[in-house]
Visitor: 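First, the structure itself, so that you have it in front of you.
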2 protein chains.
Amino acid sequence: MFTPREEVGQRSETVRRANLSAIVRELHLRGPLSRSELVAWTGLTRSAIRSLVGDLVAGDFVVEEAALRLGTPGRPSPQVRLVADSVVVLALEIAVDSLAVAIVGLGGEVHWKERVDRPRAHSSLGDIVDDLCHLAKRARDQRPSYQTPIGVGVAVAGLVRPIDGVVAAGPNLGWIDVPLGAHLAAALDLGAPVEVANEADLGALAEFRRGAARGAEDVVYVHGEVGVGGGIIVGGRPLSGTNGFGGEIGHMPINPAGRPCRCGSTGCWETEIGEVALLARAGYPLDGGRMAVAALIADAAEGRPEAVEALRVTGRWLGVGLAGLVNVLNPRVIVLGGLFSRAFPYLIDDVNAEISALALVASRRVVSVAPASLGIDAPLLGAAELAFEPLLADPVAWLGPRTGAVPQLVVA
Amino acid sequence: MFTPREEVGQRSETVRRANLSAIVRELHLRGPLSRSELVAWTGLTRSAIRSLVGDLVAGDFVVEEAALRLGTPGRPSPQVRLVADSVVVLALEIAVDSLAVAIVGLGGEVHWKERVDRPRAHSSLGDIVDDLCHLAKRARDQRPSYQTPIGVGVAVAGLVRPIDGVVAAGPNLGWIDVPLGAHLAAALDLGAPVEVANEADLGALAEFRRGAARGAEDVVYVHGEVGVGGGIIVGGRPLSGTNGFGGEIGHMPINPAGRPCRCGSTGCWETEIGEVALLARAGYPLDGGRMAVAALIADAAEGRPEAVEALRVTGRWLGVGLAGLVNVLNPRVIVLGGLFSRAFPYLIDDVNAEISALALVASRRVVSVAPASLGIDAPLLGAAELAFEPLLADPVAWLGPRTGAVPQLVVA
DNA sequence: CAGGTTTGTGTTCCTCTCTTGCAAATGTCT
DNA sequence: AGACATTTGCAAGAGAGGAACACAAACCTG
């Protein structure tokens with residue numbers, strides 16, 4: 001009769017879930033913490049923390065270790081640390097010119113990582129899935145001691161419909177409405193849920209949680225390769241939009257007098273700051289791909305004027321678009337990833353100059369522009385974070401109901 | 001020692017707060033609900049709802065009334081209704097060419113409203129505060145039965161620093177770093193907290209909660225008068241940004257070859273879609289203000305070509321900027337307010353055409369553009385919502401601790 | 001129009017979870 | 001070594017929602 005949009009009531013069951021979630025999440029994001037730090041960060045009492053941590057210890061999620069000597073007075077507080085081997089996820093990435101796989105433990109530790117080049121041609125779903133499965137199998141063979149992953153996260157260079165993992169559009173892969181999530185789930189056959197998302201959105205997530213935007217609540221991540229993707233964090237939450245296509249900043253109209261874009265419209269940001277625009281400005285071969293861009297950046301480092309100037313012009317257009325985003329979103333940090341992080345030193349002055357010229361004082365004063373600190377792996381690590389999300393949101397589902405046993409503290 | 005960013009743990013005290021908050025919020029937003037509807041919407045059990053509603057009845061927040069006959073089988077469920085007279089807020093607005101005051105009851109009922117014209121000249125803080133206090137006094141004199149407001153919300157045409165209610169910049173008022181909140185609090189002397197916010201942000205809030213964007217989670221509100229302001233809702237939450245200056249869409253760079261903007265930069269959206277641009281295109285006096293715009297719209301209604309064409313060009317530029325916002329934010333609804341809602345019929349086709357041409361299919365398919373349904377009062381009503389927010393977030397603070405009395409159901 | 005069905009209420013425990021309070025432990029500082 | 005600060009462990013307590021039963025009031029059916 002009624003269709004509740006969201007059940008907002010708090011029940012005792014949800015209280016426990018929220019509190020366990022808070023503890024696991026803090027440990028995942030900050031690393032080992034003492035019990036008293038957990039008390040401070042969650043606002044719960046010592047007794048509650050004791051009981052909850054006890055449950056997590058019983059479920060092999062965390063261990064308690066001897067206290068660190070910090071030189072502070074008072075009884076030392078045991079360190080609570082996640083058991084990174086007991087819970088792992090599989091992270092996959094389908095980038096424009098590479099495939100990557102990683103096994104990541106709870107807490108963010110990367111146990112295994114491998115990246116292979118991929119030709120920039122259109123590829124069939126089957127080939128890509130086969131390659132990824134092959135990489136995943138290698139990873140598991142190399143480290144057989146790991147558990148079955150509790151989830152699989154996939155970063156893909158394309159527009160992804162989050163509800164079913166279908167890639168609605170992947171121009172660099174030649175994909176339209178490709179059911180990547182379902183095929184990967186079947187091919188991997190791990191029994192773990194497979195979550196697919198856009199690579200820039202995941203890059204933003206990774207930089208937000210573990211990279212250059214750590215601690216900021218409002219973040220814009222701009223990922224430039226062939227196309228320009230973006231990921232946005234607003235108030236500490238990824239901006240997804242009505243049907244999950246938010247953050248597509250590459251196709252903001254920026255120059256009404258500009259060039260036609262491969263998306264069909266004209267004057268998109270991508271047409272001014274994408275790889276092709278950069279190469280064209282410097283007079284490099286437009287189909288030179290990553291190597292040509294690398295050469296261009298190397299030439300700029302040696303002071304070759306065409307390269308320097310091309311990067312400066314790109315930086316200006318980058319700044320123009322960012323100024324708009326600064327006004328609209330008032331972010332704390334803008335992270336430049338992909339090609340923009342590799343070319344960062346040659347762009348940043350012009351980017352900042354445009355932001356200063358075009359953005360409102362109040363907003364531009366608080367923003368800083370930084371290169372991606374996770375480098376090429378940002379989307380891959382974001383995919384791992386995506387795969388961990390269900391666990392972080394509800395550890396109870398993996399922990400099982402309370403055992404009833406009195407929690408026992410065993411300090412090693 | 002530690003500075004918790006946010007206390008994320010759920011304590012028994014916060015559970016009660018959250019549940020009462022959920023009930024009061026649902027009633028505030030949806031109007032009277034039966035108990036069984038509350039059960040469905042909160043996910044709590046009948047027992048819990050009964051107990052919580054009993055407390056609210058005891059605190060004179062709500063009344064329970066005889067059930068409505070809906071023609072559905074089963075025992076009728078009493079209607080729970082907020083007592084709109086027992087809790088009111090004072091809403092104030094400082095618009096470009098008017099001042100307004102309203103007394104609004106919990107649930108959104110407007111008990112009193114008055115709007116007076118204001119010359120478009122720069123005004124001193126003292127004069128504005130005096131005028132507002134005068135209006136507020138009249139309102140309270142006219143309806144002396146009302147309680148003292150539990151809060152005061154102020155919508156102002158300018159950039160507002162939320163933490164202290166200082167208007168950092170109000171170009172139409174000639175204000176720079178004006179401590180509006182503090183002065184109003186002192187002058188009104190109501191003992192109630194005074195919250196100040198940007199008028200477009202509050203317009204967005206009002207349209208989101210009670211207007212054209214009701215039910216949507218992702219909303220863009222564009223408010224056009226002299227300048228162009230914006231308010232953004234992302235995932236059901238107002239986008240505030242790092243220091244509260246988010247949503248300033250009027251100064252997105254839209255046309256690098258455009259005109260200088262009064263903000264100091266060039267080619268801002270405002271320079272293409274603001275009042276002055278519109279009047280200039282039609283050949284009307286640039287300082288004609290609201291009357292000139294009204295005349296222009298009236299002329300367009302009669303088919304005068306200059307007026308129609310000027311509105312169409314404005315609509316196109318409006319569409320260009322909105323296309324960018326559609327790509328970035330993937331909203332469900334775009335609400336056009338202020339001048340754009342009055343000129344809506346003459347703009348909308350060109351707006352939609354530009355969005356179709358420039359925005360990505362996936363995002364533009366789900367978005368609709370609607371005129372503000374609350375008209376000129378949207379920011380004022382948003383100010384009321386702002387003032388209610390502390391109550392909605394924590395009814396316990398106004399209700400007091402549980403009485404211990406057994407909740408008694410008394411159906412009138 | 002009687003009886004069945006459905007939906008919802010009132011009431012009484014019950015369970016779950018966090019809180020409180022006290023004593024003990026364990027470090028630093030003087 | 002003693003004072004002091006901080007944290008832990010444990011046990012009892014309090015607050016809040018949940019479950020189950022009996023009953024009530026509407027609609028629907030034959």
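A note on names: the letters A, B, ... follow the listed sequences, proteins ahead of strands, and every chain is numbered from 1. Just so you know, these numbers use all the heavy atoms, side chains as well, and skip hydrogens, waters and symmetry mates.
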Visitor: Base, sugar-phosphate, or nothing for B/Ser12, non-hydrogen atoms under 4.0 angstrom?
Guide: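 The residue B/Ser12 makes sugar-phosphate contact but no base contact.
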
Visitor: Just the rounded figure in Å: distance from C1' of D/dG18 to CG of B/Leu52.
Guide: 13 Å

Visitor: Just to confirm, is there a sub-4.0 Å distance from OP1 or OP2 of C/dT17 to any side-chain nitrogen or oxygen of A/Asn19?
Guide: no

Visitor: What I want to find out is whether B/Arg35 reaches B/Glu65 closely enough, with some N-O distance under 4.0 Å, to be called a salt bridge.
Guide: no

Visitor: NA contact type, B/Ala48, heavy-atom cut-off 4.0 Å: base, sugar-phosphate, or nothing?
Guide: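 The residue B/Ala48 makes sugar-phosphate contact but no base contact.
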
Visitor: Go through D/dA25, D/dA16, C/dT17 for me and flag the one nearest to the B/Pro76 side chain.
Guide: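 Between D/dA25, D/dA16, C/dT17, the one nearest the side chain of B/Pro76 would be D/dA25.
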
Visitor: Does any part of the side chain of A/Val62, heavy atoms only, come nearer than 4.5 Å to the side chain of A/Leu56, both counted from C-beta?
Guide: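 They are in side-chain contact.
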
Visitor: Is the distance from OP1 or OP2 of C/dC18 to the nearest side-chain N or O of A/Thr45 less than 4.0 Å?
Guide: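 For A/Thr45, the contact criterion (side-chain N or O under 4.0 Å from OP1 or OP2 of C/dC18) is not met.
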
Visitor: Rounding to an integer number of Å, can you tell me how far A/Arg50 CZ sits from C/dT19 P?
Guide: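 Roughly 14 Å, once rounded to whole Å.
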
Visitor: Any salt bridge between B/Arg332 and B/Glu217, counting N to O under 4.0 Å?
Guide: no

Visitor: Is any side-chain N of the basic residue among B/Arg210 and B/Glu385 closer than 4.0 Å to the acidic one's carboxylate O?
Guide: yes

Visitor: Could you state the CZ-P distance from A/Arg16 to D/dG15, rounded to the nearest angstrom?
Guide: 22 Å

Visitor: CD1 of B/Ile49 versus P of D/dA19: gap in Å, rounded?
Guide: 14 Å

Visitor: May I have the distance from A/Leu38 (atom CG) to C/dC18 (atom C1'), rounded to whole angstrom?
Guide: 16 Å

Visitor: Base, sugar-phosphate or nothing for A/Glu13? Non-hydrogen atoms, less than 4.0 Å.
Guide: nothing

Visitor: What is the separation between atom CG on A/Leu33 and atom P on D/dT7, rounded to the nearest whole Å?
Guide: 14 Å

Visitor: Mind calculating the distance between CZ (B/Arg75) and C1' (D/dA22) to the nearest angstrom?
Guide: 11 Å

Visitor: Mind checking if A/Ser77 touches a base, just sugar-phosphate, or nothing, with heavy atoms under 4.0 Å?
Guide: sugar-phosphate

Visitor: Closest approach to the side chain of A/Ser47, judged atom by atom: which nucleotide of D/dG18, D/dA11, D/dT8 is it?
Guide: D/dA11

Visitor: Expressed as a whole number of angstroms, how long is the span from B/Leu44:CG to C/dT9:P?
Guide: 14 Å

Visitor: For A/Trp398 and A/Val24, what are the C-alpha separation, side-chain angles and deciding distance, and is it a side chain to side chain contact (heavy atoms under 4.5 Å, CB included)?
Guide: CA-CA 12 Å; A/Trp398 276 262; A/Val24 175; over 6 Å; no

Visitor: Please determine, for the side chain of B/Arg46, which listed nucleotide (C/dT19, C/dT17, C/dT9) has the closest atom?
Guide: C/dT9

